[in-house]
Amino acid sequence: MNLTKSCTNKIPSRLKNRILYAIILIISLGLLTYQLVTLEYQSDLLNVFHDEKKIQNDKLQLKIQYDFPLDEIVQEKTIREERRESVKNGFLHAWRGYTKYAWGSDELRPVSNGSRYKFNGWGATIVDSLDTMWIMDLKNEFNVSREFVSKLNFTSNDDETNVFETIIRYLGGLLSAFELSEDHIFLEKAKELGDALLYSFNNVTGLPYNSVYLNPDKRINRHPYGGGLLAEVGTLCLEFTKLSQLTGDNKFFFIANNITKVLSNANKTIPGLYPVKINQETGNFITKEVSFGANGDSFYEYLLKEFVLVGDSVDKYRTMYIESIESMYKYLIKASPINERSELLFLGELTFRGDFIGKMGHLSCFIPGLLALGSKVLDRPKDLEIAIRLAETCYFVNRMTHTGIGGEEVWFKVVEEKNTTTNETQKRLPDGIYRLSPSYSLLRPETIESFFILYRITGDKKYQDQGWDIWQSIEKWCKTPAGYSGLDDVDSTSPSKNDGMESFFFAETLKYLYLLFSPPDLISLDTYVFNTEAHPFFRMTENHEFYANFD
């Protein structure tokens, strides 16, 4: 006799039914849980792309820019246009040097007239400059670059690809070039690159690895030593949401949405302050170090800008941003210790132990622009007041040096201490600042970015004047026969050049300067939102033709 059958036959029929019901219930609960998880992602996508009532909400339609007068004073217009032409000529000068000495490489070495291959040799400067050329009406240069882009192959390279830099420079540049020009070759290439990058998220949490091989023949699982950086794993929701919108392929949105949820749920000592290092395999932070500058900056930037892009459709970005800003006010922003400039504020950091330090990097100078944007979008007037005071600090630390250009970092005194340094540069610092990291090695744009946004939001022309001051210093100290170079020491009377010209000098520094001196309806903040590489994306509205892709 079959023993199993015999045992089963001995179970009373009522008990049999209960066991059967229990099995059915367990299976049903499992299916329901799966459906709920799936529906959570689907509902976020539907909110973004289908819910016309949410799309027409007041916040999305809120006017961000200042009400500029229609008639411009003739003298002011003349000055503005002269300044804009100067920036455009600066672009052309650097572009001609790049095309002459480094065409097709990622970047020009503007002192030695050589080339650099930092980002897979796909012509980072070309792709990063596409929308700047379009905005500056440099259509011949744009069309030549278009032909180069049309031949790019993102999966044939044998080198590792930095996921973060590839997304913000290449993918962002291609998407913006498509939206501005409506040339489908850029969207086609963006989709190719997006598909190639999918392998980067091949782990249990979905957090992207730092770098991967996009060539299928070279792929290996990446287990990065030391974990990932917050800014790198958390900066792609704008690009991936836009790619889903334009292609109709929702997998990119799902990836971005999942990353935000993982980071939101990860362990944090202080609500809203996300440590700068995270383990991609566990989704847990592995330090207490917090920075709105290096290694953390663009994550916080994208919390607000994703909300600006899609509106109330995915509300968690708004709530996460507000929580972060409130904690930033409480723990990281302090009053100036500079006696003659007590009205200034500075933005510090937390160390890996969680202690506050007065280090403020140049990268942190994007925060005034972010706060100003959030003040309008979220109706938070206090944020604009803080933004104005922080922007003054950024201008001050630029102008306190011999070149009039800010260094990479400054340290504000947070306790009363005597400056005992024998370094001449440090001894000349204003009382209240005790240390300067003097390099301007990357031709950074962050202060100018904030001036551009603050000008567009307040209408205050002082931001144009301050931006012009910095541009004049760049012209004087950074220009070479072939382009513009970073500096080793901004406080030197004869600073040496480091022979580097980042692609974002074209994409960000020159673009923000050009827009600062342009009529305010050119790339209006009411219509566009910028990614962290200054590539403008159309804000999503009910009238946008690409919603048809999700009908």
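Note that the structure is a prediction, hence the values are computed from the model and not measured.
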[X] side chain near [Y] side chain, heavy-atom distance below 4.5 Å:
X: K511; Y: P536; result: yes
X: F91; Y: Y514; result: no
X: F530; Y: F537; result: no
X: F538; Y: T527; result: yes
X: F142; Y: L130; result: yes
X: E165; Y: K118; result: no
X: M400; Y: V410; result: yes
X: W471; Y: L510; result: yes

Pick out which of T132, N531, D131 makes a side chain to side chain donor-acceptor pair (under 3.5 Å) with S176.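 Single pass found, and it is D131.
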Is K413 salt-bridged to D431, cutoff N-O under 4.0 Å? yes
Does a side-chain N-to-carboxylate-O contact under 4.0 Å join E392 and K462? yes
Please lay out, stage by stage, how H535 and D128 fare under the test side-chain hydrogen bond (donor to acceptor under 3.5 Å, both in side chains). CA-CA 8 Å; H535 297 305; D128 233 359; 2.8 Å; yes
Is the backbone N or O of S336 less than 3.5 Å from a side-chain atom of R341, with the two atoms forming a donor-acceptor pair by type?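 It does not hold such a pair.
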May I ask you to decide if D106's main-chain N or O and T125's side chain share a donor-acceptor pair within less than 3.5 Å? yes
Would you say that more than 12 heavy atoms from the other residues, nucleotides or ligands in this model lie under 6.0 Å from the NZ of K100, or not? no
Taking atom CD of E147 as the centre, does the number of heavy atoms from other residues, nucleotides or ligands within less than 6.0 Å exceed 12? yes
The single option from Y300, Y331, F346 passing ring-ring contact (aromatic ring centres under 6.0 Å, His included) against F292: Y300
Which residue in the set F506, Y440, F505 passes ring-ring contact (aromatic ring centres under 6.0 Å, His included) when paired with Y484? F505
Residues R380, S375; criterion side-chain hydrogen bond (donor to acceptor under 3.5 Å, both in side chains); working and verdict: CA-CA 4 Å; R380 290 169 54 91; S375 74; over 6 Å; no
Give a yes-or-no answer on whether the side chains of S473 and R399 include a donor-acceptor pair shorter than 3.5 Å. yes
For F186 and F178, I'd like to know if the aromatic rings sit close, meaning centre-to-centre distance below 6.0 Å. no
